[in-house]
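Structure first, then comments.
Model, not experiment: these values are computed from the prediction.
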Amino acid sequence: SIYSGEAGYMYKTPRIKLRASFFISQFNNQTQTTSYFDYELATYVNNTLTGMNSRHMGGELALEAKVYKGFSVSAVASMGQYIYTNRPRTTVTDDNSISVLVDNEPVYLNNYHVAGTPELATSLGLRYRSPKAWYIDLYCNYYGMNYVTINPERRTVEAVAPLDPSSPVYQQIIAQEKLPDAFTMDLFAGYSWLMNKQFPKMKKYKYFLVLGVNVSNLTNNRNFITRGYEQLEFDGKTKNLAYFPNKYSYAYGTNYMLTLTFRMY
């Protein structure tokens, strides 16, 4: 069941465009199944969460303004909070038999962050459009409030028993890691050539040859962790998280793309 709403405001003049909005979405009664290899049991197991609720809410702001003879600036910002809002139930089954290892056990997910995307994303751009049919855009991007995907097993009573809630080990088991904030830059440039001037016989349509250059992650930021997750395997006997540490995915370094496009109108 999904309930969502959005409210916004738009302002537009020949020089300025502004849009501000607020959104909220409530997702109820979700089901999620994950499968992984349990080293202690030496078999694959299936972990199914049922009755899971989550809420996504936040605001977005977009601004574009013409500043001077072909120059314009743009700014985009999105900030939200994406969290679980209840305690779903988990059932764990053996993949190679009919055995039920965990039956309808509560998982304490309330107020943990739903991972998968930064909750804060901003971009500031400077753009130039030349009257001689070439352009260049430079964007500075900042990402924050990004969290790892959590392992439901570590948010159960069994995972932390019989630890003292004030102990460092207890706090490490239930904590959700926040990924480092990141900064990137992107560059886009291009030139559009009207071919009709050089080829007078081409009169039926307007023919263009468009050259484009895109450079992503201009600063070659290889420390940008785009995604992280807790391993689903958890050593419940020793409670040692070092046995199965978190895994991370990193952004590519600088990427280049050159395009050549033929258009006719």
Side-chain angles (χ1 to χ4, degrees), residues 6 8-23 56 58-82 113 115-148 178-198 206-228 248-265:
E6 181 177 0
Y9 172 78
M10 297 183 66
Y11 176 79
K12 185 177 181 180
T13 70
R15 297 182 63 87
I16 298 177
K17 297 178 182 178
L18 173 68
R19 184 179 187 274
S21 63
F22 170 80
F23 63 89
H56 294 199
E60 298 176 342
L61 179 67
L63 170 68
E64 183 177 349
K66 298 177 180 178
V67 292
Y68 179 76
K69 291 185 179 181
F71 285 95
S72 63
V73 295
S74 64
V76 180
S78 175
M79 185 174 182
Q81 184 189 61
Y82 316 138
H113 294 267
T117 183
E119 295 182 3
L120 172 65
T122 63
S123 179
L124 178 64
L126 177 62
R127 310 164 71 180
Y128 177 70
R129 297 293 184 270
S130 169
K132 296 184 179 180
W134 63 271
Y135 70 92
I136 184 168
D137 300 342
L138 179 66
Y139 294 92
C140 300
N141 314 299
Y142 184 82
Y143 306 94
M145 299 170 61
N146 196 8
Y147 297 85
V148 301
K178 179 179 176 293
L179 299 175
D181 297 351
F183 173 82
T184 63
M185 294 179 65
D186 301 316
L187 178 69
F188 305 92
Y191 175 74
S192 180
W193 174 36
L194 179 60
M195 303 175 64
N196 298 68
K197 295 180 180 180
Q198 282 72 27
K206 288 185 177 181
Y207 299 90
F208 293 88
L209 198 62
V210 183
L211 176 66
V213 178
N214 300 344
V215 184
S216 301
N217 197 357
L218 188 65
T219 59
N220 197 31
N221 182 3
R222 295 176 178 266
N223 296 318
F224 179 14
I225 301 177
T226 57
R227 177 177 175 268
Y248 308 100
S249 299
Y250 289 83
Y252 289 108
T254 303
N255 276 261
Y256 310 88
M257 182 171 66
L258 180 67
T259 61
L260 187 63
T261 306
F262 175 73
R263 294 176 182 172
M264 54 186 295
Y265 300 95

Check your understanding: Looking at side-chain heavy atoms only, is the closest gap between L209 and L260 below 4.5 Å?
Key -> yes
Point to revise | Residue pair V73 / R127, side-chain heavy-atom distance below 4.5 Å | key: no
Review point. Any side-chain heavy-atom pair from T122 and N141 closer than 4.5 angstrom?
Key: no
Review point. Which residues satisfy the ring pair (Phe, Tyr, Trp, His ring centres under 6.0 Å) test with H56, sequence neighbours excluded?
Key: F27, Y82
Exercise for review: Grab the two heavy atoms, one from L61 and one from A20, that are nearest each other, plus how far apart they are.
Suggested key: CD1-CB, 3.9 Å
Check your understanding: Given Y248 and L179, is the side chain to side chain contact (heavy atoms under 4.5 Å, CB included) satisfied, shown in steps?
Key -> CA-CA 9 Å; Y248 308 100; L179 299 175; 3.8 Å; yes
Table please: side-chain donor-acceptor pairs of residues 249-259 below 3.5 Å, with sequence neighbours left out.
{"from": "T254", "atom 1": "OG1", "to": "N217", "atom 2": "O", "distance (Å)": "2.8"}
{"from": "T254", "atom 1": "OG1", "to": "N220", "atom 2": "N", "distance (Å)": "3.4"}
{"from": "N255", "atom 1": "ND2", "to": "G253", "atom 2": "O", "distance (Å)": "2.8"}

Check your understanding: At their closest point, which heavy atom of T219 faces which heavy atom of M185, and how far apart are they?
Key -> CG2-SD, 3.7 Å
Check your understanding: Can you name the residues that form a side-chain contact (heavy atoms from CB on, under 4.5 Å) with F208, not counting sequence neighbours?
Key -> S192, L194, K206, V210, R263, Y265
Check your understanding: Just wondering, do N214 and L187 contact through their side chains at under 4.5 Å, heavy atoms?
Key -> no
**Study point:** Inter-residue atom distance K178.NZ - Y147.OH, 0.5 Å rounding
**Key:** 6.0 Å
Point to revise | Distance-only side-chain donor-acceptor flag, D181 / Y142, under 3.5 Å | key: yes
Review point. Quick one: does D186's side chain have a donor or acceptor within less than 3.5 Å of a partner on C140's backbone?
Key: no
Review point. Does Y9 have any ring pair (Phe, Tyr, Trp, His ring centres under 6.0 Å) partners at least two apart in sequence or in another chain, and if so, which?
Key: none
Review point. For M10, does the CE atom have more than 12 heavy-atom neighbours from other residues, nucleotides or ligands under 6.0 Å away?
Key: no
**Study point:** Sub-4.5 Å side-chain heavy-atom contact between T117 and M145
**Key:** no
Study note, to complete from the structure: S123 and Y139 have their tightest heavy-atom pair at OG-CD2, 3.8 Å
Check your understanding: Among all residues two or more places apart in sequence or in another chain, which pass the side-chain contact (heavy atoms from CB on, under 4.5 Å) test with S21?
Key -> E6, R19, E60
**Study point:** Straight-line distance of E64 CD to L18 CG, nearest 0.5 Å
**Key:** 11.5 Å
**Study point:** Side-chain touch M79/E119, heavy atoms, less than 4.5 angstrom
**Key:** no
Review point. I225 and N146: which non-hydrogen atoms are nearest, and at how many Å?
Key: O-ND2, 4.0 Å
**Study point:** Non-neighbouring partners of Y128 that pass ring pair (Phe, Tyr, Trp, His ring centres under 6.0 Å), sequence neighbours left out
**Key:** F71, W134
Study note, to complete from the structure: All heavy atoms of G144 vs all of P118, minimum pair found to be O-CB, 3.4 Å
Review point. Is the distance between the ring centroids of F224 and Y143 under 6.0 Å?
Key: yes
**Study point:** Gap separating the OG1 atom of T13 from the NZ atom of K66, nearest 0.5 angstrom
**Key:** 9.0 Å
**Study point:** Check: N221 side chain, F183 main-chain N or O, donor-acceptor pair, under 3.5 Å
**Key:** yes
Check your understanding: What is the distance from atom OG of S78 to atom CZ of F23, rounded to the nearest 0.5 Å?
Key -> 5.0 Å
Check your understanding: At what distance, to the nearest 0.5 angstrom, does OG of S130 lie from NZ of K69?
Key -> 12.5 Å
Review point. If you round to the nearest 0.5 Å, how far is CH2 of W193 from CZ of F262?
Key: 10.0 Å
